[in-house]
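Side chains included, hydrogens not; waters and symmetry mates left out as well; all remaining heavy atoms used. Residue numbers start at 1 and run along the sequence shown. These numbers were taken from a predicted model, which means no experiment stands behind them.
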Amino acid sequence: MKIQTYYNHIRFYTPHHFIYYPVLILFLVASVYLAITTEDHLIWGFISVAFVFLFAVAYMLRQHYALTLQNRIVRLEMRYRYFTLTGKRFEEFEYKLTDDQIFALRFAPDNELVPLVEDVLKNNLTGNAIKKAILHWKADYHRV
């Protein structure tokens with residue numbers, strides 16, 4: 001497996017991103033074309049709307065279920081890691097951090113996490129700035 005860094009940490013799911021969506025887009029474009037160029041405007045227009053609906057539903061469900069669960073797990077991981085390293089509860093100041101900040105902090109290794117949390121609380125770093133501040137990236141190869 002390739003070593004994960006800031007520059008390659010985004011992950012794609014081949015069947016979804018490179019098969020399902022391209023095929024759906026191809027069908028959508030074809031149905032819109034046929035709705036415009038044939039005499040069966042109504043049926044092809046309906047088919048086009050159905051493809052748009054399928055695209056939207058597939059995207060929303062895929063994102064919603066996976067990301068909601070992943071977000072919850074990352075929060076629990078950060079609470080556990082912070083407590084293990086410091087003996088203090090992460091929840092005491094967690095409300096001061098945005099989701100983006102918490103999710104970026106998970107890439108910090110244990111020896112960089114506590115000072116980075118302090119820096120984030122002091123300077124309100126963005127998630128992107130947090131990721132760039134990490135010296136030794138802690139890869140997450142099991143993300144959705």
What distance do [X] atom [atom1] and [Y] atom [atom2] have between them, rounded to the nearest 0.5 Å?
X    : Y    : atom1 : atom2 : result
Q4   : K2   : CD    : NZ    : 10.5 Å
N111 : H136 : CG    : NE2   : 7.5 Å
L105 : L97  : CG    : CG    : 6.5 Å

For [Y], does its backbone N or O pair with a side-chain atom of [X] as donor and acceptor, under 3.5 Å?
X    : Y    : result
E91  : R79  : no
N123 : V120 : no
S31  : L28  : yes
D140 : H142 : yes

Transitively linked via ILVMFWY side-chain contacts under 4.5 Å: [X] with [Y]?
X   : Y   : value
L76 : L67 : no
I25 : F18 : no
L34 : V52 : yes
F55 : Y33 : yes
V32 : L26 : no

Heavy-atom check, side chain of L116 versus side chain of F107, under 4.5 Å: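 Heavy-atom side-chain distance check fails, nothing below 4.5 Å.
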
Check: I134 and Y6 side chains under 4.5 Å, non-hydrogen atoms: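 No, too far: nothing below the 4.5 Å cut-off.
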
Steps toward salt bridge (Lys or Arg N to Asp or Glu O under 4.0 Å) verdict (E77, R106): CA-CA 8 Å; E77 174 194 352; R106 81 176 186 277; 5.3 Å; no

Steps toward side-chain contact (heavy atoms from CB on, under 4.5 Å) verdict (M78, F103): CA-CA 9 Å; M78 291 305 302; F103 303 152; over 6 Å; no

Qualifying residues under side chain to side chain donor-acceptor pair (under 3.5 Å), relative to Q101, sequence neighbours excluded: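 For Q101, the residues satisfying side chain to side chain donor-acceptor pair (under 3.5 Å) (neighbours in sequence not counted) are T98, N124.
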
Y82/F93 aromatic ring centres below 6.0 Å: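 Yes: the rings meet the under 6.0 Å criterion.
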
Centroid-centroid under 6.0 Å between F90 and F83 rings: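 No, the ring centres sit 6.0 Å or more apart.
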
Over all atoms of both residues, closest heavy-atom pair of R81 and D110: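 In this case the closest contact between R81 and D110 is NH2-OD1, 2.9 Å.
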
The single option from F27, W44, Y20, Y21 passing ring-ring contact (aromatic ring centres under 6.0 Å, His included) against F51: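 Exactly one pass, corresponding to F27.
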
Partners passing salt bridge (Lys or Arg N to Asp or Glu O under 4.0 Å) against D99 (at least two apart in sequence or in another chain):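 Residues passing salt bridge (Lys or Arg N to Asp or Glu O under 4.0 Å) with D99: R75.
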
D40 and I43: CA distance, side-chain angles, deciding distance, side-chain contact (heavy atoms from CB on, under 4.5 Å) verdict: CA-CA 6 Å; D40 297 325; I43 190 70; 3.5 Å; yes

